[in-house]
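First the proteins, then the strands, lettered A, B, ... as listed; each starts at 1. What you are looking at is a predicted structure, and each value in this text was computed from that prediction instead of being measured.
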Amino acid sequence: MTFKEIERYNPRVEEPRWQKVWDESQTFVARSDDPRDPYYVLEMFPYPSGRIHMGHVRNYTMGDVLARFMRAQGKNVLHPMGWDAFGLPAENAAMKNKVHPKGWTYENIATMRKQLKSIGLGLDWSREIATCDVAYYAQQQKLFLDFLKAGLVDRKRSKVNWDPVDMTVLANEQVIDGRGWRSGALVEQRELTQWFLKVSDFAEDLLGALDTLDRWPEKVRTMQRNWIGKSEGMRLLFALQPDARTAATSVEVFTTRPDTLFGASFVAISADHPLATELGAQDAGLADFILECRRIGTATAAIDKAEKLGRFTGLHVQHPLKPGATLPVYVANFVLMEYGAGAIFGCPAHDQRDLDFARRYDLPVTPVVLPDGADATSFEVGSEAYTGPGRIYNSEFLDGLDIDAAKREIARYFAARTVDGQPQGRIEVNYRLRDWGISRQRYWGCPIPVVHCETCGTIPVPDKDLPVVLPDDVTFDKPGNPLDHHPSWKHVNCPQCGGSAVRETDTMDTFVDSSWYFARFTEPNAPTPTVPAIVNRWLPVDQYIGGVEHAILHLLYSRFFTRAMHRTGHLNLDEPFKGLFTQGMVVHETYRDAAGEWLSPAEVTVSGGETRVARHSASGAAVEIGSIEKMSKSKKNVVDPDEIVATYGADTARWFMLSDSPPERDVQWTEAGIEGASRFLQRVWKLVAEARTLVGSAGTPDMSDDDTATIRRLVHKTIANVGGDIEGLRFNRAVAQIYELTNGLAKFLGLCDTAATPGRLAALNEGVRVLIQMVSPMMPHLAETCWAAFGETTLVTDAPWPKADPALLIESTLVIPVQVNGKRRGEISVPAGASRELVEKEVLSLDAVARMLNGSAPKKLIIVPDRIVNVVV
RNA sequence: GCGGGCGUGAUGGAAUGGUAGACAUACGGGACUUAAAAUCCCGAGGGUGUAAACCCGUGCGGGUUCGAGUCCCGCCGCCCGCACCA
């Protein structure tokens, strides 16, 4: 039989067929009472924006390969899917297209669910949740009330980041370069009363536990460490020289370098410091300066930040260690009110910012830390502050100490003194991490379940009145929060006194929704947020996969939520994600026509070899090939998964997404790449189809036949390697191994075709079955068709992963490279585990070696058993 | 500025300190075909040479080692994150 007579594999027929089989046999439904070892694979759930994109295909395929592999390993695999379904785009769509957010969202979900099913993901759809389901957010409200009871929720007035386009509050994390992360609008500062989750209560633990997350990328851990931003320092009180303009008698500063106090030459306070505000009210010039600082602080932070500006207040403080000496007090634009005490002392010699400031305003620069080896009389600080280690000098009782010792000495000194009746100094740990403001003035989010009563204050909604359900009849014709505009929804009776009261109309930040969905998946229909016995069995997630863009926000919030749920008894662990993997993006070339308009790949035909030329398919006009960028609608460099599945099938798309590029790196979508994947799929099918006609009744492989032994060693080596590669998420390497196996089997098949023996056919049978199994997590539909073609009546999806025969992983004869002075000059063939003597004899008899030795004996002979020989001449 | 990562053929990329370039893509040659596509086979880092063989080669410069893409030191370039956090 020749290849031509075999029909091509048709994914359009085979893929829906197997999807139906898996669906009907509930192949991927996970049971919590299954006694096998649990394994939880999770990919970050999508926002239902309308359609899936190639990034989703890549992300979910990776998770699916791992999930299917772990199933084959005999694990009880949980691999669920859901929807991060609340959020602004639904409201924007409502405003733009006059559709209801709910209808819009659920329609999108239906479309995307269908798309995800079409790529053959082994998901447990019986556990599907959408965060906008009442059943989901009802439980979220319970969690909120439990957190409230446990003291993990705060309500406070605070300056917030206000997005004037989205008309809502943003968390610090959602402000990027002074702009809203979604709208891109310049963010303004406003004072509002807000609900906060007390993330900062866990700052130390969130930081410390990062060390235990050894299956997280180091990069993500570093980012979180920086975000938490721990610094250990001191609060210090400086006594103010009496002044008629203020009643204040002291200024408190925060410093991490109390050892440099003798080098202090000024004190600077933030423009938002209460003292600045007080003085500004009496000094128009200062008031202008303060306004200017605020404007620059929010609007142009990125542009002009190098400039250190300040304004002298006219006030002085006493130097706490130098009786009689005073320091001027400035308002400075580089001092932040939100951090530390909102005030600092400046030691220009040892802090670059302070030095820039001192040079600008002609303040003294006195070095007090002497670098090791430097000369005390000649050491000077020019335009660069010295921040390194050294000995303290110019500092009276601190002289000669190292920095740490001086810090301890200062702490001891000030703890014993008082200013305004308080200790003058105390050690303090500061974190950059703030509490998490979750109030959003939006409709499409989880209502915050509290009621405001004039007489009773803020009252939690009682259990019996839960859930607080979003009203359906809302309008979007006015700016602001539709819940607030609703004629009746917010008006309720106070649960405590029965008098008239109003509901909280703020809803929760959607990051709340995604902070515990992984726990909900373990028992998605429970009448409580979790069922502890079950959630504790499944969690932590063994492998979480998603984009690195969530390295800080989502992952930090989820870690906080898990701790908060632990404290409130909903589960019994602190870290939700044992393994984390951040996959790269899908990128594509960009195309522009002569007018500079972006063109989509579908509109463009690219031809040529070395020098590629692009033309507009319809008009033939020349098209410029631009840079390779992340697929995005704005640059039109997108490829639609539906079209790819329709043209090539899901398996081809999956295979291509896993080939070539390491999963953590970006992958470039190319026509040649997807074509190559498609060719390989057909090659596997032809190999299987032809092998099927040869392989008859089972025999025993004949290991005395060299070709048989070679192919069997390849087969078993592949089993051993592919499993490890999938487990380590090195899919590109697994793919390469499978290519090698396929190439080897194709050659062996040719041999069997012309010179068949029962022993060879048995080895062919074994090899092709292994190939089908190796391929099955990645191209599951093809694998099922092949498996059935090989006479199997059960699913390959249910088949246990084959085991490599250790005896076949050991080569009996080894080819060992021989180097002379580190350069490869030849090779010898010896039995595995050959003795030193034998190897030496073989090596010395090599022509190349003899030539290099030129009659003399080698200086040294390095033999690494079974690996390499190096002759030193 | 600080922190992290990465520099390997035409391209994507392989390589526990042990044969650099696996595997794939593109390319070239051949077979099949009236022809093309598809498929199959072969070739290929650069250089010298008829050949055997030899020299050079993982961003650059040093070092450690019998042996360095890999480890160390110093540069250069690119990417990502954070950024007046005292």
Peer 1: Is there a side-chain polar atom (N or O) of S231(A) under 4.0 Å from OP1 or OP2 of A86(B)?
Peer 2: yes

Peer 1: If you look at every strand shown and take non-hydrogen atoms under 4.0 Å, does V864(A) touch a base, only sugar-phosphate, or nothing?
Peer 2: base

Peer 1: Is D666(A) salt-bridged to R58(A), cutoff N-O under 4.0 Å?
Peer 2: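 Looking at R58(A) together with D666(A), the answer is no, because their closest N to O distance does not fall below 4.0 Å.
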
Peer 1: Rounded to whole angstroms, how far apart are CH2 on W655(A) and P on U25(B)?
Peer 2: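 Going from CH2 in W655(A) over to P in U25(B) covers 11 Å.
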
Peer 1: Has the side chain of K219(A) got a donor or acceptor atom sitting under 3.5 Å from an opposite partner on the base of C80(B)?
Peer 2: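 Side chain to base: no pair below 3.5 Å.
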
Peer 1: Quick test: give all pairs of protein nitrogen or oxygen and nucleotides 43-48 of chain B nitrogen or oxygen below 3.5 Å, distance rounded to 0.1 Å.
Peer 2:
none

Peer 1: Please give, in whole Å, the distance from A86(B) P to D259(A) CG?
Peer 2: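 D259(A) atom CG is separated from A86(B) atom P by 14 Å.
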
Peer 1: Just compare G13(B), C84(B), C40(B) and give me whichever is closest to any side-chain atom of R683(A).
Peer 2: C40(B)

Peer 1: Got a list of protein N/O to nucleotides 68-73 of chain B N/O distances below 3.5 Å?
Peer 2:
none

Peer 1: R257(A) near the nucleic acid: base, sugar-phosphate alone, or nothing, with a heavy-atom cut-off under 4.0 Å?
Peer 2: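 Counting heavy atoms under 4.0 Å across all strands, the contact made by R257(A) is with sugar-phosphate only.
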
Peer 1: Please work out if N743(A) contacts a base, only the sugar-phosphate, or nothing of the nucleic acid, heavy-atom cut-off 4.0 Å.
Peer 2: sugar-phosphate

Peer 1: For the residue pair W685(A) and Y9(A), does the interplanar ring angle fall in the parallel (under 30°), tilted (30 to 60°) or perpendicular (over 60°) class?
Peer 2: tilted

Peer 1: It should be established whether N732(A) places a side-chain nitrogen or oxygen under 4.0 Å from OP1 or OP2 of nucleotide A14(B).
Peer 2: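 Yes.
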
Peer 1: The side chain of R825(A) is closest to which nucleotide in this list: C84(B), C55(B), C40(B)?
Peer 2: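 So the side chain of R825(A) is nearest to C55(B).
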
Peer 1: List the residues meeting ring pair (Phe, Tyr, Trp, His ring centres under 6.0 Å) with H554(A), not counting sequence neighbours, and say none if there are none.
Peer 2: Y544(A), H550(A)

Peer 1: Which part of the nucleic acid, if any, lies within reach of V735(A) when heavy atoms closer than 4.0 Å are counted: base, sugar-phosphate only, or nothing?
Peer 2: nothing

Peer 1: So if I take every side-chain heavy atom of W227(A) and compare against G13(B), C82(B), C84(B), which nucleotide ends up nearest?
Peer 2: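 Of all the options, the side chain of W227(A) is nearest to C82(B).
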
Peer 1: Once you apply a heavy-atom cut-off of 4.0 Å, does K823(A) come out as touching a base, just sugar-phosphate, or nothing?
Peer 2: sugar-phosphate

Peer 1: Does A38(B) have its OP1 or OP2 closer than 4.0 Å to a side-chain nitrogen or oxygen of R8(A)?
Peer 2: no

Peer 1: Nearest to the side chain of A736(A) - A22(B), C42(B), C85(B)?
Peer 2: A22(B)

Peer 1: For a quick test of reading the model: is some side-chain N or O of K860(A) closer than 4.0 Å to OP1 or OP2 of C66(B)?
Peer 2: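 K860(A) to C66(B) OP1/OP2: side-chain N or O found under 4.0 Å.
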
Peer 1: I need the full list of salt bridge (charged side-chain N to carboxylate O under 4.0 Å, His left out) pairs touching residues 674-683 of chain A, with sequence neighbours left out, sorted by first then second residue.
Peer 2: none

Peer 1: Hey, what do you get for CD (E740(A)) to CD (Q737(A)), rounding to the nearest 0.5 Å?
Peer 2: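 One finds 6.0 Å between CD of E740(A) and CD of Q737(A).
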
Peer 1: List, with names and distances, any nitrogen or oxygen atoms from the protein found under 3.5 Å away from nitrogen or oxygen atoms belonging to nucleotides 19-21 of chain B.
Peer 2:
from: U19(B); atom 1: O2; to: R824(A); atom 2: NE; distance (Å): 2.8
from: U19(B); atom 1: O2; to: R824(A); atom 2: NH2; distance (Å): 3.4

Peer 1: C23(B), G81(B), U25(B): which one has an atom nearest the side-chain heavy atoms of Y739(A)?
Peer 2: C23(B)

Peer 1: Let me have RNA chain B in dot-bracket notation, would you? Count Watson-Crick plus G-U wobble pairs, both distances under 3.5 Å, and use [ ] for pairs crossing earlier ones and | for inter-strand partners.
Peer 2: (((((((..(((.....[....))).(((((.......))))).((((....))))..(((((..]....))))))))))))....

Peer 1: What nucleic acid atoms does T256(A) come within less than 4.0 Å of, heavy atoms only: base, sugar-phosphate, or nothing?
Peer 2: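 Contact class for T256(A): sugar-phosphate only.
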
Peer 1: Rounded to whole angstroms, how far apart are CE on M223(A) and P on G5(B)?
Peer 2: 13 Å

Peer 1: Whole-Å distance between C80(B) P and M585(A) CE?
Peer 2: 8 Å

Peer 1: C82(B) base to N226(A) side chain: any donor-acceptor pair below 3.5 Å?
Peer 2: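 Counting by modelled atom types and ignoring angles, no donor-acceptor contact under 3.5 Å is found here.
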
Peer 1: Rounded to the nearest 0.5 Å, how far apart are CD of E292(A) and CZ of R311(A)?
Peer 2: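 Interatomic distance, E292(A) CD to R311(A) CZ, rounded to 0.5 Å: 12.0 Å.
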
Peer 1: Check whether any side-chain N or O of R665(A) sits under 4.0 Å from OP1 or OP2 of G13(B), and answer yes or no.
Peer 2: yes

Peer 1: Students often mix this up, so state it plainly: with edges at 30° and 60°, are the rings of Y361(A) and Y330(A) parallel, tilted or perpendicular?
Peer 2: tilted

